[in-house]
Amino acid sequence: MALAIVGVAFVLTIAALAIKPSWLGERLRAQVEAVATRSLGREVTIEKLDAHLLPTPGATITNFRAEGAGSEPPFLAASRVTATVQLWPFVRSLGKDVRVGAVRLEEPTLNLVHHVDGSWNQETLARPPERPSGASGSTTDIEHLRIRDGVVRVMDQQAEGRPAVVALQDIDADLKHVGRGQPLEGKVRMALAAPKQNVELDLKVDSLPQGLPQEGQPWPRVTARLKGQDVSVSAFRRLLPASATELFTGGTLNVDAELKTDQGRYVLSGHGSAKGLRLRGDPANGSFDFDSRIDPDQPEAARVAFTRIALSGPGVELGGTASAQLKPARVRFSLAGRELDLGHLLGAMPPRSAPDEARPSGTPLIPKRTGMGKVDVDGTLRIATLRHGALTASDVDVRAKLDDGALVLQRGTAQVYGGRANLTGSRVDFTKAQPVWSLKAALDGMDTAQAFQALTGRSSLQGAASGNLQLSGAGLDWERVRGQMTGAGTLRLKEGVYTPTNLGETVASTVSQGLEALGKKGASGTVRKAGQGTHFKDLDARFRIQAGWVSFTQPMAFDSDLGKGTLDGRVSLDERLELNGAIQASQQFVSGLTHGAVPLRAPVSVPITITGTVKDPQVKAGSPTDIAQALLPAVPVPKELKGPVNQARKGLEGFFQKRPREKR
């Protein structure tokens with residue numbers, strides 16, 4: 001009789017619900033809103049919940065919405081949610097045991113917000129308290145979860161006025177046994193930075209834990225396979241903060257990875273490749289293998305190793321290894337290659353053929369981090385040939401450290417045009433819109449003929465150069481850098497030749513004219529036949545660089561085949577010359593002009609002025625009358641001509657002493 005009474009009551013209850021399902025719908029809607037609001041810590045609203053018992057007990061939710069914080073968009077919204085429920089466990093437990101047969105979310109949208117302080121909106125969601133083991137309470141398990149046409153949007157508050165961008169779209173998921181203690185498995189398909197689905201994830205978890213495992217408790221075994229095909233780097237950069245997008249300007253990525261469980265640790269390994277990759281330059285191709293072991297009890301100690309790194313393209317040929325770890329944040333690399341062209345890698349502007357990828361004004365090459373700790377980046381780079389414009393170096397061996405976006409050379413040596421250069425201590429700050437750099441260079445034995453030929457197309461200066469250089473500037477475009485660059489240095493040139501002009505011709509001509517004024521004809525033609533250019537036995541210069549000019553801080557001294565000399569003034573970085581000085585014409589040089597007729601007791605000072613350009617210098621010597629006056633004490637007079645010549649000499653002396661000064 002008792003069983004009959006219970007059976008009749010159950011039938012009547014089912015009949016009542018069937019006749020008026022709105023009672024169940026209102027009860028479920030209130031429960032869903034309350035539970036979801038409490039769990040997320042955000043207000044959850046449901047526009048409508050329709051419950052039904054036939055043909056299968058369940059409900060349909062219209063316009064599910066979990067609000068965002070403050071003025072943020074909704075954290076989660078779905079236009080339609082349908083679910084089936086196992087009726088008897090729900091009725092028997094008076095609503096505490098909700099066993100969902102199937103759930104389908106249509107067009108759900110998840111909005112992720114990147115705050116100004118670097119945090120994300122999901123970090124501020126409330127966390128429901130863990131239910132103690134064995135405690136009673138409501139449980140919700142889903143036998144089958146389906147998601148169709150899902151979207152994930154990202155908004156970056158660090159970039160004022162930048163709209164939210166679509167990060168993931170066309171998300172389709174089929175998951176079975178969603179709930180604590182259930183063996184989760186399923187598939188997820190989505191479009192990542194692509195117009196159609198290009199990412200696949202197959203996932204299997206032995207059993208979802210009731211809560212986070214405590215120390216010493218095992219974590220669930222997980223196996224997964226992730227494949228990504230033709231992921232657009234140009235679109236993927238829109239997922240990052242605006243300040244970081246300059247690092248990625250084109251190309252596509254492929255990845256194939258596996259996740260396994262080994263002795264309580266998760267092992268992630270696989271292969272990645274890139275096609276048409278643009279890193280502020282022309283497209284390049286690359287590939288790499290990666291392997292990582294993650295201890296779920298200490299995820300902050302995770303470390304990933306990259307091997308078989310290969311990057312090739314116009315102006316770049318690199319390979320090697322690298323590794324990264326989270327705590328302490330550290331990156332190590334060891335790269336080597338045949339060629340690297342800095343003009344391709346660090347071009348001042350992206351290619352004009354891709355205006356949609358242009359860098360916003362004022363965007364740094366490497367953005368400053370916000371909300372992150374310091375990252376220790378250190379490694380070595382060995383390049384057979386390094387180029388930047390016309391500048392070429394070989395056998396480059398560098399140990400570099402990246403400190404807050406600034407690259408510091410802890411060790412840097414290279415062969416530069418037959419000599420050796422030490423660049424240790426040089427620094428480049430990539431966090432600025434125009435990279436700010438300071439160059440420290442020590443040169444030894446550089447062949448200036450090779451350098452000038454490469455940089456200007458003519459070997460204007462020949463010899464072995466050594467010295468030190470300290471320069472500071474901003475940017476990489478020489479046309480703009482040279483007017484703002486500052487610094488100082490020293491230069492020593494041995495056995496040099498300045499080919500564009502022959503100072504000997506100019507000095508000899510002037511000295512000869514002075515001798516002719518005294519009745520002594522020179523032989524300047526012998527100097528012209530001696531060879532092209534001006535030969536320096538030694539040269540020593542100290543200079544500073546400012547406002548586009550190289551100015552000597554003290555007169556530049558040198559030895560030449562004419563005698564000792566000094567030059568003062570400046571040389572512009574666009575090759576203009578403004579120099580003046582003097583050549584101390586030696587006794588041997590003057591004696592050669594006069595075939596020994598004028599045996600000097602001391603050198604004769606010949607003033608010189610050099611203007612024009614490095615390629616086409618204009619050299620002027622002092623006036624012949626001044627040279628003649630300097631030569632007067634040295635000119636011998638034969639006895640038979642002593643009277644007339646003495647009179648001529650006195651006349652010349654009087655002329656030199658009494659001649660009016662030129663009006664300025």
Side-chain angles (χ1 to χ4, degrees), residues 118 240 243-244 246-248 268 272 274 277 279-281 284 286-295 298-311 316-342 344-346 364-386 388 393-415 420-432 435-442 470 472 476:
L240 302 174
S243 59
E246 181 59 17
L247 296 179
F248 305 93
L268 179 66
L277 182 66
L279 298 179
R280 296 184 51 80
S287 62
F288 56 90
D289 292 339
F290 60 91
D291 183 83
S292 178
R293 298 181 68 87
I294 305 170
D295 186 347
Q298 296 179 322
E300 68 277 2
R303 182 178 182 272
V304 58
F306 296 93
T307 57
R308 299 176 62 184
I309 298 174
L311 181 65
V316 59
E317 192 75 32
L318 288 176
T321 61
S323 65
Q325 68 181 45
L326 294 179
K327 189 176 181 180
R330 178 182 298 166
V331 175
R332 295 290 181 266
F333 62 90
S334 178
L335 301 175
R338 295 184 301 175
E339 181 181 16
L340 180 62
D341 191 329
L342 295 180
H344 289 278
L345 185 62
L346 298 174
L365 297 182
I366 298 179
K368 282 186 175 292
R369 299 181 303 279
T370 303
M372 293 178 59
K374 186 175 181 179
V375 180
D376 178 12
V377 182
D378 196 338
T380 60
L381 180 65
R382 293 179 175 86
I383 304 296
T385 302
L386 178 69
H388 182 52
S394 59
D395 295 334
V396 179
D397 186 357
V398 170
R399 184 176 187 87
K401 183 178 183 66
L402 188 65
D403 185 11
D404 265 350
L407 184 69
V408 180
L409 298 189
Q410 296 176 315
R411 182 190 73 240
T413 60
Q415 293 285 343
R420 194 68 179 168
N422 190 327
L423 306 176
T424 301
S426 297
R427 186 176 187 272
V428 184
D429 186 353
F430 292 110
T431 65
K432 309 298 182 183
V436 176
W437 49 265
S438 60
L439 172 67
K440 295 182 179 180
Q470 292 189 3
S472 299
L476 300 169

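Rounding to the nearest 0.5 Å places CH2 of W437 at 14.5 Å from CG of L407. In this structure, CZ on F306 lies 12.5 Å from OG on S287, to the nearest 0.5 angstrom. Atoms CG and CD, on D395 and Q415 in that order, are 5.5 Å from each other to the nearest 0.5 Å.
Between F288 and L311, the closest side-chain pair of non-hydrogen atoms is not below 4.5 Å. L439 is listed as a side-chain neighbour of L423, based on a closest heavy-atom distance under 4.5 Å.
Under the salt bridge (Lys or Arg N to Asp or Glu O under 4.0 Å) criterion, R399 pairs with D378, not counting sequence neighbours. Partners of R411 according to the side-chain hydrogen bond (donor to acceptor under 3.5 Å, both in side chains) rule, which considers only residues two or more places apart in sequence or in another chain, are D397. Applying the salt bridge (Lys or Arg N to Asp or Glu O under 4.0 Å) criterion to R420, with sequence neighbours excluded, gives no partner residue. For D295, there are no salt bridge (Lys or Arg N to Asp or Glu O under 4.0 Å) partners, not counting sequence neighbours.
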(request) For side chain to side chain contact (heavy atoms under 4.5 Å, CB included), just list the numbers for L318 and I383, CA-CA rounded to whole Å, side-chain angles, deciding distance to a tenth of an Å, and then say yes or no. (result) CA-CA 8 Å; L318 288 176; I383 304 296; 3.2 Å; yes

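When atom types are taken as modelled, the side chain of S292 and the backbone of R303 share a donor-acceptor pair closer than 3.5 angstrom. Although no hydrogens or angles enter the test, the distance criterion places a donor-acceptor pair under 3.5 Å between the side chain of T424 and the main chain of G412.
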Result block: side-chain N/O donor-acceptor pairs under 3.5 angstrom for residues 332-340, not counting sequence neighbours:
from: R332; atom 1: NH1; to: D376; atom 2: O; distance (Å): 3.3
from: R332; atom 1: NH2; to: D376; atom 2: OD2; distance (Å): 2.8
from: S334; atom 1: OG; to: T380; atom 2: OG1; distance (Å): 3.4
from: E339; atom 1: OE2; to: R387; atom 2: NH1; distance (Å): 2.8

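Applying the salt bridge (Lys or Arg N to Asp or Glu O under 4.0 Å) test to every pair with at least one member in residues 320-329, sequence neighbours left out, gives no pairs at all.
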